[in-house]
Amino acid sequence: MITELEPVQVAAAPKKDVASERLQTDSRIFAYTRWDVIPVGAALLHCAYFFGMFYLFPRLPLWAMLILGFIYSVSISWNINGISHNFIHNPYFRSPLLNRLFSILESITVGFSQVFYECIHMQHHKGNSDRPDDTGETTDWISIYKHGHDGEAESALTYTFLSFFREDPKTVYRELKRKDPREAFWGIAELTVFVSNFVILGILNWHYICFLLAFWYFGHCLSYLNGYYRHYGGNPDEPMAWGVSSYERLYNWIWFFNGYHAEHHFRPKVHWTRMEAFREQILEQQRIAGVRVIKPPHALGFLDRDFAGAKNEKSSHPGDRLRVRLNR
């Protein structure tokens with residue numbers, strides 16, 4: 001007798017947890033993925049651009065050099081928040097030597113020690129732009145609330161243009177030395193290399209170094225501006241909403257998915273090539289937590305449609321009043 005067989009239910013394979021995965025590659029050069037050739041190549045081009053400006057300075061009219069200088073300023077923020085930042089969390093190379101050489105290259109190009117930057121940035125992840133405690137101190141050395149009042153973030157203007165002068169290399173060095181004296185040595189070595197490079201350029205052409213210093217400073221200010229709006233309106237008390245995200249597509253392609261900042265703070269080790277997939281996995285959790293999303297790139301966060309109406313509202317929890325739906 002022939003009997004009808006019931007259809008077999010095949011369970012769908014569970015989705016891989018992006019937060020816990022560690023990318024692997026058979027490349028002998030790159031540690032995680034061959035896609036890291038893109039930020040590495042961009043860093044090499046950025047360094048060439050830096051020295052190219054010196055070559056072009058006596059050969060181009062001032063108006064052209066002003067344009068190149070402004071581009072260099074923007075590119076400092078682009079490098080720090082994209083290339084250098086991703087390198088901190090997922091070093092690009094298998095070889096410790098190549099990682100060290102890349103760190104020195106970055107220090108020369110942006111004019112600051114990559115090792116010192118890593119120390120400051122990891123402290124940032126410890127505090128996640130926290131509010132001051134009862135003693136007025138923050139765990140995060142660069143918290144937007146550190147110099148604010150009544151639990152509010154300080155103004156974008158003062159944070160952008162004064163944070164550069166608030167940096168404390170002695171504190172960074174002491175923290176590095178406490179953790180790893182060898183890294184403290186390399187931090188000082190990188191500072192020495194970049195300062196020596198500036199001195200040599202100044203000796204060769206003092207007019208140029210005066211020109212460069214203004215755009216170098218402005219570039220680091222733009223980096224702080226970018227950082228400000230990556231946390232303004234976030235919720236320091238909710239891990240899922242520590243950061244503020246921007247999903248503007250071109251911005252993320254060019255800045256190596258720096259826009260996915262809420263996602264990054266929630267799981268800092270997720271590789272830049274996996275940020276979109278990670279967001280898809282935690283989207284519902286983000287909705288519940290009230291993650292803030294802005295439309296423009298972070299450096300243009302003041303243009304967001306919610307900013308004008310929210311900046312005058314009085315609340316010790318700006319993250320509670322600056323929520324927008326998590327739409328792409």
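Computed from heavy atoms alone, side chains included, the values below leave out hydrogens, waters and symmetry copies. Along the sequence shown, residues carry numbers from 1.
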Nearest-0.5 Å distance, [atom1] of residue [X] to [atom2] of residue [Y]:
X      : Y      : atom1 : atom2 : value
Ser246 : Leu300 : OG    : CG    : 9.0 Å
Tyr72  : Met65  : OH    : CE    : 11.5 Å
Asn252 : Asn258 : CG    : CG    : 7.5 Å
Lys269 : His125 : NZ    : NE2   : 10.5 Å
Ile104 : Gln114 : CD1   : CD    : 11.0 Å
Ile71  : His46  : CD1   : NE2   : 10.5 Å

To check you understand the geometry: which heavy-atom pair defines the closest contact between [X] and [Y], and what is its length?
X      : Y      : answer
Pro236 : Gly234 : CD-O, 3.5 Å
Ala241 : Ala289 : CB-O, 4.1 Å
Ile83  : Ala42  : CD1-CB, 3.8 Å
Val291 : Ala262 : CG1-CB, 3.5 Å
Ser155 : Tyr228 : C-OH, 3.8 Å
Ile144 : Ser129 : N-OG, 3.3 Å

* Asked: What class does the angle between the rings of His265 and His261 fall in, given that below 30° is parallel, 30 to 60° is tilted and above 60° is perpendicular?
  -> perpendicular
* **Aromatic ring proximity His298/Trp255, centre distance under 6.0 Å** =>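 Centroid separation for His298 and Trp255: 6.0 Å or greater.
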* **Tyr224-Tyr159 aromatic ring centre distance below 6.0 Å** => yes
Contacts table for residues 212-223: side-chain donor-acceptor under 3.5 angstrom, sequence neighbours left out:
{"residue": "Trp216", "atom": "NE1", "partner": "Val110", "partner atom": "O", "Å": "3.2"}
{"residue": "Trp216", "atom": "NE1", "partner": "Gly111", "partner atom": "O", "Å": "3.2"}
{"residue": "Trp216", "atom": "NE1", "partner": "His220", "partner atom": "NE2", "Å": "3.2"}
{"residue": "Tyr217", "atom": "OH", "partner": "Phe161", "partner atom": "O", "Å": "2.8"}
{"residue": "His220", "atom": "NE2", "partner": "Val110", "partner atom": "O", "Å": "2.9"}
{"residue": "Ser223", "atom": "OG", "partner": "Asn81", "partner atom": "ND2", "Å": "3.3"}

Under a single-linkage rule joining Ile, Leu, Val, Met, Phe, Trp and Tyr whose side-chain heavy atoms are separated by less than 4.5 Å, which residues share a cluster with [X]?
X      : result
Leu45  : none
Tyr32  : Leu23
Leu97  : Leu101
Trp242 : none

* With sequence neighbours left out, write down each residue that passes side-chain contact (heavy atoms from CB on, under 4.5 Å) with Val244, or none if nothing qualifies. => Arg292, Ile294
* Arg28 atom CZ, neighbour heavy-atom count above 12 within 6.0 Å -> no
* To do: Identify, with sequence neighbours excluded, every residue that meets ring-ring contact (aromatic ring centres under 6.0 Å, His included) alongside His85.
  => His89, His121, His264
* **Contacts of type ring-ring contact (aromatic ring centres under 6.0 Å, His included), residue Phe112, not counting sequence neighbours** =>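 Result, ring-ring contact (aromatic ring centres under 6.0 Å, His included) vs Phe112: none returned.
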* To do: Begin with the C-alpha distance, continue with both residues' side-chain angles, and end with the deciding distance and a verdict on salt bridge (Lys or Arg N to Asp or Glu O under 4.0 Å) for Asp237 and Arg131.
  => CA-CA 9 Å; Asp237 303 315; Arg131 293 189 178 91; 3.4 Å; yes
For a 4.5 angstrom cut-off between non-hydrogen side-chain atoms, does [X] reach [Y]?
X      : Y      : result
Phe278 : Tyr260 : no
Tyr145 : Glu154 : no
Asn79  : Phe256 : no
His231 : His124 : yes
Arg22  : His271 : no
Val40  : Phe93  : yes
Val172 : Gln123 : no
Asn128 : Asp140 : no

What side-chain donor-acceptor pairs closer than 3.5 Å can you find for residues 48-62, not counting sequence neighbours?
{"residue": "Tyr49", "atom": "OH", "partner": "Leu68", "partner atom": "O", "Å": "2.8"}
{"residue": "Arg59", "atom": "NH1", "partner": "Tyr55", "partner atom": "O", "Å": "2.5"}

* **Derivation of the salt bridge (Lys or Arg N to Asp or Glu O under 4.0 Å) call for Glu183 and Lys177** => CA-CA 7 Å; Glu183 284 301 291; Lys177 192 173 182 180; over 6 Å; no
When the side chains of residues 192-200 are checked against the rest of the protein, which donor-acceptor pairs come out under 3.5 Å, sequence neighbours left out?
{"residue": "Thr192", "atom": "OG1", "partner": "Ile188", "partner atom": "O", "Å": "2.8"}
{"residue": "Ser196", "atom": "OG", "partner": "Thr192", "partner atom": "O", "Å": "2.6"}

Expected output: side-chain [X] to main-chain [Y] donor-acceptor under 3.5 Å:
X      : Y      : value
Thr33  : Asp36  : no
Gln281 : Val18  : yes
Thr138 : Trp141 : no
Ser75  : Trp78  : no

* Taking it one step at a time, do Tyr92 and Phe30 satisfy ring pair (Phe, Tyr, Trp, His ring centres under 6.0 Å)? -> CA-CA 6 Å; Tyr92 299 135; Phe30 296 102; 7.8 Å; no
Same hydrophobic cluster for [X] and [Y], using side-chain heavy-atom links shorter than 4.5 Å among ILVMFWY?
X      : Y      : value
Trp206 : Ile203 : no
Leu162 : Tyr232 : no
Ile38  : Trp253 : yes

* Asked: Is the closest basic N to carboxylate O distance between Glu118 and Lys179 below 4.0 Å?
  ->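 Looking at Glu118 and Lys179, the cut-off is not met.
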* Report the residues that fulfil side-chain hydrogen bond (donor to acceptor under 3.5 Å, both in side chains) with Thr109, sequence neighbours left out, ordered by chain and then residue number. => none
* To do: Name all residues meeting the side-chain hydrogen bond (donor to acceptor under 3.5 Å, both in side chains) criterion together with Ser103; count only those two or more places apart in sequence or in a different chain, and write none if there are none.
  => Glu190
* To do: Evaluate the criterion side-chain hydrogen bond (donor to acceptor under 3.5 Å, both in side chains) for residue pair Ser84 and Glu106; output intermediate values, then yes/no.
  => CA-CA 7 Å; Ser84 292; Glu106 285 291 274; 2.4 Å; yes
* Identify the residue among Glu276, Lys295, Arg279 that makes a side chain to side chain donor-acceptor pair (under 3.5 Å) with Tyr247. =>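 In the set Glu276, Lys295, Arg279, the residue that makes a side chain to side chain donor-acceptor pair (under 3.5 Å) with Tyr247 is Arg279.
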